[in-house]
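Data block below; observations after.
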Number of protein chains: 2
Amino acid sequence: MSLMELKEAKDKFIHTWGTLATQWGINRTMAQIHALLLLSAKSMNADEIMADLQISRGNVNMNLRDLMDWGLIYKQLLPGERKEYFIAEKDIWKVAKQIAKERRRREIGPLIEAMEDIKEGIQPDTVEKEEFLKIVNDISKVSVFADNTLTSLLKSEENWLLNNFIKIFNK
Amino acid sequence: MSLMELKEAKDKFIHTWGTLATQWGINRTMAQIHALLLLSAKSMNADEIMADLQISRGNVNMNLRDLMDWGLIYKQLLPGERKEYFIAEKDIWKVAKQIAKERRRREIGPLIEAMEDIKEGIQPDTVEKEEFLKIVNDISKVSVFADNTLTSLLKSEENWLLNNFIKIFNK
DNA sequence: TTGAATTTTCAAAATATTCTGAAAGTTTTT
DNA sequence: AAAAACTTTCAGAATATTTTGAAAATTCAA
């Protein structure tokens, strides 16, 4: 039956999303909730998510919060409803941008800070120290470069890369 | 004393590298071994690494293997030596390239495959199925785009972005 | 060959992360 | 102000990942 086919495909999608997410540092449940909301035409509340994914209230609550921190879902207050409803950002380009932005903040930011920090404590007054500082400096430069590249990619809508993307995306 | 200062800075570097690595999906020990080898002028053998980082032989062996898989260190067979020695790639741009390459392979590749896989099972014969396929397709497109962008960035030495980078890096 | 040196494996232990569910906290209704 | 509806917290339980270390496998010299 056709409806079953879709249900299965959706389940597969949710499951796959959850598995892949662990590969890239996001936890399984967070990814599954995200997938569920991505596929849901309507916004969902905590009880519905609990029932659907068979997970505890605490778990749902915590991961909904994280997903909001990542900017991947929004809270929706429905008139006449006490419960909070959640809806996912459906524009996948925006989703990708948000993920890139967040990962930049979490992964590159601390690296730059740490390297600056280490540089400060050392004077290049011996060959060994110079060699050490060379490496720290190189890492610093690569990280700042990666950070700048990502930032400009994400910011400017006029960016050639983005335009390039839009061309591909809309075809 | 000045030597102590350098020793401390190196330890801080190794420790920091290990901590940050967990943030981006690499395990702590692997990152620490990598950092240790990055800072070491000479190549090191398993016993030296064990002693330096105070970790077990099995752990060292396993992570050296992983680091070689990532293309971040090389095995060096010294003439007249039975033991295997390891040396890190010191060119940080190459290191960054290797990491990007490996992460592309691990993170984007499986995503593209999974989406293609899901698409195959579904015919767009109802509105719901069309809506579902729209999302899967969009993710597919974004992933392929990200994959292509990264690949071209990493491959072409003539790339504007790379040149841009070299300009910054060499100044 | 043999055996010493070295590397690899892998089951069990240690550690880290995630999840549960009931209690506490908050908001809204009556 | 009390109760009902709902959300948040968090200690302990469950699960997953990493590490150890001793045994097995491999390599090399004699």
Side-chain angles (χ1 to χ4, degrees), chain A residues 14-37 43-70 72-87 106-107, chain B residues 14-37 43-70 72-87 106-107:
Chain A
I14 290 169
H15 177 262
T16 304
W17 200 247
T19 307
L20 290 178
T22 58
Q23 296 272 316
W24 61 68
I26 290 160
N27 107 333
R28 210 180 84 245
T29 307
M30 177 171 151
Q32 286 185 344
I33 295 176
H34 183 224
L36 178 64
L37 290 175
S43 55
M44 296 178 78
N45 64 41
D47 289 284
E48 289 166 345
I49 296 168
M50 283 171 67
D52 211 307
L53 299 178
Q54 294 289 308
I55 55 180
S56 72
R57 183 176 301 284
N59 200 4
V60 168
N61 185 272
M62 182 182 197
N63 284 297
L64 283 173
R65 182 169 327 291
D66 287 349
L67 281 167
M68 284 194 290
D69 287 348
W70 277 75
L72 298 176
I73 65 170
Y74 312 113
K75 195 183 279 190
Q76 220 179 32
L77 290 175
L78 300 184
E81 278 278 7
R82 284 286 292 278
K83 283 179 179 151
E84 294 177 333
Y85 283 74
F86 299 88
I87 191 156
R106 286 166 192 244
E107 297 182 5
Chain B
I14 291 168
H15 177 263
T16 304
W17 201 248
T19 308
L20 290 178
T22 58
Q23 295 272 315
W24 61 69
I26 291 160
N27 106 334
R28 210 179 85 246
T29 306
M30 174 172 153
Q32 286 184 344
I33 295 176
H34 183 223
L36 178 63
L37 290 175
S43 55
M44 296 178 79
N45 63 41
D47 289 284
E48 289 166 345
I49 296 168
M50 283 169 68
D52 211 308
L53 298 178
Q54 294 288 309
I55 54 180
S56 73
R57 184 175 302 283
N59 200 2
V60 167
N61 185 273
M62 181 184 198
N63 284 297
L64 283 173
R65 183 163 327 289
D66 286 349
L67 281 166
M68 285 194 290
D69 287 348
W70 277 75
L72 298 177
I73 66 171
Y74 311 113
K75 195 184 277 191
Q76 223 179 29
L77 290 176
L78 299 184
E81 279 277 7
R82 282 288 288 282
K83 283 180 179 152
E84 295 178 331
Y85 283 73
F86 298 89
I87 191 157
R106 286 165 192 246
E107 298 181 6

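Values below: all heavy atoms of this structure, side chains included; hydrogens, waters and symmetry mates excluded. Numbered from 1 within each chain, the chains take letters A, B, ... in sequence-line order.
Contacts of B:Asn59 classified as side chain to side chain contact (heavy atoms under 4.5 Å, CB included), with partners at least two apart in sequence or in another chain: B:Thr29, B:Ile55, B:Ser56, B:Asn63. In terms of the side-chain hydrogen bond (donor to acceptor under 3.5 Å, both in side chains) criterion, A:Arg82 has no residue partners (sequence neighbours excluded). The side chain to side chain contact (heavy atoms under 4.5 Å, CB included) check on A:Arg28 picks up A:Thr22, A:Gln32, with sequence neighbours excluded.
To the nearest 0.5 Å, atoms NE2 (A:His15) and CG (A:Leu53) are separated by 12.0 Å.
Following rounding to the nearest Å, A:Asp66 (CG) and C:dC19 (C1') show an atom-to-atom distance of 13 Å. Atom CZ in A:Arg65 sits roughly 15 Å away from atom P in C:dC19 (whole-Å rounding). The separation between A:Asn45 atom CG and D:dT7 atom P is 7 Å, rounded to whole Å. Whole-Å rounding puts the B:Leu78 CG to D:dT27 C1' distance at 17 Å. One interatomic measurement links the two molecules: CZ of A:Phe86 to C1' of D:dC6, which rounds to 11 Å at whole-angstrom precision. For the pair A:Gln54 CD and C:dC19 P, the interatomic distance rounds to 14 Å; values are reported in whole Å. Taking atom CE of residue B:Met44 and atom P of nucleotide C:dT6, one finds them 16 Å apart after rounding to whole Å.
Within a 6.0 Å sphere centred on CE of A:Met50, heavy atoms belonging to other residues, nucleotides or ligands number more than 12.
Considering only heavy atoms from C-beta on, B:Lys75 comes within 4.5 Å of B:Phe86 through its side chain. Contact annotation: the side chain of B:Leu64 approaches that of B:Ile49 to within less than 4.5 Å [non-hydrogen atoms, C-beta and beyond].
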What one-letter contact string describes nucleotides 24-30 of chain C from 5' to 3', where B marks a base within less than 4.0 Å of any protein heavy atom, S marks contact via sugar-phosphate atoms alone, and - marks no contact?
-> ---BS--

What protein N or O atoms touch nucleotides 12-19 of chain D N or O atoms at under 3.5 angstrom, if any, and at what distances?
| residue | atom | partner | partner atom | Å |
| --- | --- | --- | --- | --- |
| D:dT19 | OP1 | B:Thr29 | OG1 | 2.5 |
| D:dT19 | OP2 | B:Asn27 | ND2 | 3.0 |
| D:dT19 | OP2 | B:Thr29 | OG1 | 3.1 |
| D:dT19 | OP2 | B:Asn59 | OD1 | 3.4 |
| D:dT19 | O5' | B:Asn59 | ND2 | 3.4 |

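Two residues, A:Gly58 and A:Lys83, neighbour DNA chain D, and the one matched to the more 5' nucleotide by heavy-atom proximity is A:Lys83.
Classification of the A:His34-A:Trp17 ring pair by plane angle, with boundaries at 30° and 60°, yields tilted.
OP1 and OP2 of C:dT7 both lie 4.0 Å or more from every side-chain N or O belonging to B:Asn61.
Identified under the salt bridge (Lys or Arg N to Asp or Glu O under 4.0 Å) test for residues 45-54 of chain A, with sequence neighbours left out: A:Asp47-A:Arg57, A:Asp47-A:Lys83.
Across all strands shown, B:Arg57 has heavy atoms under 4.0 Å from base atoms, whether or not it also approaches the sugar-phosphate.
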